[in-house]
Amino acid sequence: MSNASSRPLCMIPGPVEMSDTVLQSNSTPATAHTDPVFVEAFGQVIEMLRTVVGTKTAQPFVIAGSGTLGWDQSAANLVEAGENVLVLSNGYFGEGLADCMETYGAQVTRLRAEPGQRQQLAQVAQALRAKKYKLVTVTQVDTSTGVLGDVKGVAELVREHSPETLVVVDGVCATAAERLYFDAWGVDVVITASQKALGSPPGVSVVVASQKALGVLKARQTPVPAYYVNWNRWLPIMKSYEDRAVKYFATPCVQAIFALNTSLKEMLGDGGMESVFAAHERTAARVRSAVHKWGLETVAAAPELCSNAMTAVWLPASIQAADLLPKLKARGVVAAGGILAGQAHRYFRLGHMGISATRDNGYVDAMLKAAAEALEECGHLAPAAGRSTPPPTIGLELHVQLKSSQKLFSSANAKWDESPNTNVNLVDAGLPGALPQLNPECIKLAARAILAFNGKVQSKSAFDRKHYFYADQPLGYQITQQRHPIGRGGYIEIGQLDGLSYTKQIGIQQLQLEQDTAKSIHGVYPDYVMIDMNRAGVALLEIVSNPDMETAEEAVLFVRKLQLLLRHMHVSNCNMEEGSLRCDVNVSVYRNGENKLSGTRCELKNLNSFKVIRDAINAEISRQIKAIENNQAIEQETRGYDARKNQTFVTRSKEAAPDYRYMPEPDVPEICISDGWIDLLRKTLPETPAAALERIKAQYGIAQEDVETMLAEPGCVEFYEKSAAGRNAKQVAAWVTSEVFGQLAYRNQRLLDSPLTFIRFGQILDALVADKITSAQAKHLLIAYMDGEERTVEQLISSFGWTVISDEAELQAIAKQLLDEHPKEVAGYLKGQTKRLNFFVGKLMKATCGQAKPQVASQIFKKLLEKLR
């Protein structure tokens, strides 16, 4: 029995929820495949599958396996080595089908669409006019994106431009959920599996092939390069079972076919396929409406591109799939994360096919309710959620250590992370008679930050004393700028490039210079706190935002963009892990009908990572909302965040807050800045990240994702541009974002801290392009330089004895010898086992100690092996 009320609902894009009768059919006692009951059930399955896809004459193949096995069936039976195949790829499954076709020797042209899009029919027509294809594949619903392919439109184009070409539809989760009229549309093959909208357990690969496709099989010039998926072996089996007779090739999956039989009978008995299609369309409309109410967007970029079997949903920038899915499961719903390379964390996927869509069982309602609650727990408040409380009000206070060589009011070295108490002088220690002297470098850095935020540098600013007594503050007060800060105004804009569906400017209230405190170290000796004075007096820029944020997502984006901007302005390293960027957050929730600033503000202190910022804000919002809904008072207080419990806790109440007794700082004079100085500074500002993004994309023709990756790593843009000078810019970008970044991640290192220079990196790429080294050897050199190697590339190549064998005759001789030594692998390749090619390439690379280029070796083996046919 399904017993759905006592276990999580499986609401992924397959396997799907099944009826109790289907589950009972799957648990029948052991039954021989020759049993008349099974023979009848199998024959009915074959007949019913024709009805499901809308054909009278096509041949179903029902074989133990998965949907992926259908790829092998189509490739092995319909394509011969060297023939052209056009794959319309909308995501993960389109790419997989293309790879499968290539495995069987097809020459594949991949017509890719951007995530969330599908190919324009004009593009398909152009491709069909440019070349003759044996077959065209279209994914009806790529479950990695939820994008609905235009099967009818593609089939019409094929009939118009290349009627001899076969149309292969990879249904994935579409079959029995999306409209498909096999005969009327001119489809030749449909591929699917039992665990999707067909509504039964995994284990059955289903392929339906037209008589035209079977004619192509019969007319092959070469044997089918496969054994198990060879339709010549399976066709008599299918015909026998349909005739209610038994013929044996491989044992069918008896229980799975019983279950599929029951599911198809229930489906067709509920009003036929038109009723099934309409039910899925109604359900999908409800899901998309819910997504809209959540304030989110589907991965499918337009309504006509949205599947009716599943929905993929972009997450807010501050929430990752790994955060959301456990919260969904805790509410009794299993959903799926993303699977697109590089974007898997950005979205999640909901399945709503089979009985979840066609029956009034409450599964979809439970799924939508759980998703809304889980999103809210992650901190995303829907704009139309109908809550009793409006969105919260969030403001930030950020402390940024300035990239100054000396401290704010003393000549001591500002490197606070050296041996304890070595970078400290009389002013820092607060000794009597030691007077502060303002560091002009800090004024310049602060002004640069203000201008980068489009703020106003104040012509006059002054310092104040903020009194409090604590061991990390030797003066007994902090010198800051409470009343007359050096900067006011400015903003940071967040928007669609950040993953939002809207654009918003978050204002900056003021920017002020102040001293950092010493560092307290606990736990070294019992009952003692150790003090390191190196940090005392280091220059800080405090940045106070306006209370313009309403979600943790917006707050995290604000901090991320502020960090990126200040790094590019060379104002600060802004490394949260080392404390050069620290964040305090003010959160309040107000009641309906009240001013957004009327809520009681609670301050969350010392949040030291983006994840902690997000989780702490969400936890505090939830706490305050719950208090308001229970008519409980919210006290103004300072709170900390316990990541293990995902809760905030009181550290100091309003009554315990100190009176800082601000007073003008008598020992530091007023700062006066002229308009001319500000104008001169503005002209010397570095390029902003937004400007750099657009320029680099246009200048070098590289992908936006690669540019954003480089912008996020301090010093990387300069490194890239110097490396790319006079070289293939796309190749350089690929090496930087994959190989260099991979090594940095492995070493937990910043590029600026790495011994790798753009000169050495460029020399590696030059040697690679000049065929002096292979790719593997280039990676070896990269590792050596990142380990601190000082010899030149030429010296290393010489010391390693590396040379690239470019003499094709020499490589051919080695290849021929390897073919003679491995006759079994040669025979396998000639039978269609094209993966044997990789075996030979590996052997040759080993024989040449890696001095051959794999691409050249592959071409040589292909030529030699084809001559043996």
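For reference, positions follow the sequence shown, starting with 1.
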Compute whether any side-chain donor of one residue and acceptor of the other, for [X] and [Y], lie under 3.5 angstrom apart.
X    : Y    : value
Q73  : S205 : yes
Q211 : T57  : no
N308 : E178 : yes
Y104 : D72  : yes
E17  : S356 : no
T251 : Y248 : yes
Q195 : S200 : no
S25  : T262 : yes
Q44  : N261 : yes

So, does [X] use its side chain to make a donor-acceptor pair with the main chain of [Y] at under 3.5 Å?
X    : Y    : value
S289 : A285 : no
S263 : G199 : yes
R288 : R286 : no
D243 : A245 : no
R159 : W185 : yes
K329 : P8   : no
D188 : V167 : yes
H280 : G354 : yes
S162 : V158 : no
N90  : R112 : no

Return the [atom1] to [atom2] distance between [X] and [Y], rounded to the nearest 0.5 Å.
X    : Y    : atom1 : atom2 : result
W231 : L217 : CH2   : CG    : 7.0 Å
I191 : D170 : CD1   : CG    : 5.0 Å
L88  : L97  : CG    : CG    : 10.0 Å
T358 : M353 : OG1   : CE    : 12.0 Å
Q221 : E83  : CD    : CD    : 9.0 Å
L328 : E373 : CG    : CD    : 9.5 Å

Taking all heavy atoms of [X] and all of [Y], pick out the closest pair and write down the distance.
X    : Y    : answer
H345 : L315 : O-CD1, 4.0 Å
A370 : V333 : CB-CG2, 3.8 Å
C173 : P13  : CB-O, 4.1 Å
P252 : Y241 : CG-OH, 4.0 Å
I319 : C378 : CD1-CB, 3.5 Å
A176 : V276 : O-CG1, 3.2 Å

Considering residues, nucleotides and ligands other than Y92, do more than 12 of their heavy atoms fall under 6.0 Å from its OH?
->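 At most 12 heavy atoms, drawn from other residues, nucleotides or ligands, come within 6.0 Å of this atom.
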
CD/E114: more than 12 non-hydrogen atoms of other groups inside 6.0 Å =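 Open.
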
Student check: side-chain heavy atoms of [X] and [Y] closer than 4.5 Å:
X    : Y    : value
Y181 : T55  : no
L340 : Y347 : yes
I63  : L69  : yes
M48  : L268 : yes
V189 : L166 : no
P225 : T222 : no
R349 : V313 : no
N77  : N230 : yes

Steps toward side-chain contact (heavy atoms from CB on, under 4.5 Å) verdict (V291, E297) | CA-CA 6 Å; V291 171; E297 295 181 352; 5.7 Å; no

Go through E266 and S19 one step at a time and tell me if the side chain to side chain donor-acceptor pair (under 3.5 Å) criterion holds.
-> CA-CA 9 Å; E266 291 179 348; S19 71; 2.9 Å; yes

What's the verdict on side-chain contact (heavy atoms from CB on, under 4.5 Å) for T109 and V85, showing C-alpha distance, side-chain angles and the deciding distance?
-> CA-CA 6 Å; T109 298; V85 172; over 6 Å; no

Ionic contact status for [Y] with [X], cut-off 4.0 Å:
X    : Y    : answer
R179 : E281 : yes
E377 : R331 : yes
E102 : R110 : yes
E376 : K327 : no
E825 : K831 : no

Among T311, V287, L305, which one satisfies side-chain contact (heavy atoms from CB on, under 4.5 Å) with T298?
->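 Only one of T311, V287, L305 forms a side-chain contact (heavy atoms from CB on, under 4.5 Å) with T298, namely T311.
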
Salt bridge (Lys or Arg N to Asp or Glu O under 4.0 Å) between E47 and R244: does it pass, once the steps are laid out?
-> CA-CA 11 Å; E47 293 165 349; R244 306 313 192 261; 3.1 Å; yes

Just do the ring-ring contact (aromatic ring centres under 6.0 Å, His included) check on W314 and F348 with the steps written out, would you?
-> CA-CA 7 Å; W314 289 119; F348 70 107; over 10 Å; no

Give the intermediate values and the outcome of side-chain contact (heavy atoms from CB on, under 4.5 Å) for residues E95 and S144.
-> CA-CA 11 Å; E95 292 299 303; S144 68; over 6 Å; no

With sequence neighbours left out, write down each residue that passes ring-ring contact (aromatic ring centres under 6.0 Å, His included) with F839, or none if nothing qualifies.
->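 Applying ring-ring contact (aromatic ring centres under 6.0 Å, His included) to F839 gives H822.
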
Using distance only, find each side-chain donor-acceptor pair of residues 145-156 under 3.5 Å and give its atom names and separation, not counting sequence neighbours.
from: T145; atom 1: OG1; to: D142; atom 2: O; distance (Å): 3.4
from: T145; atom 1: OG1; to: V147; atom 2: N; distance (Å): 3.3
from: D150; atom 1: OD1; to: G153; atom 2: N; distance (Å): 2.9

For P60, what residues pass the side chain to side chain contact (heavy atoms under 4.5 Å, CB included) criterion, not counting sequence neighbours?
->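 Checked P60 against side chain to side chain contact (heavy atoms under 4.5 Å, CB included); matches are I46, L49, R50, V208.
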
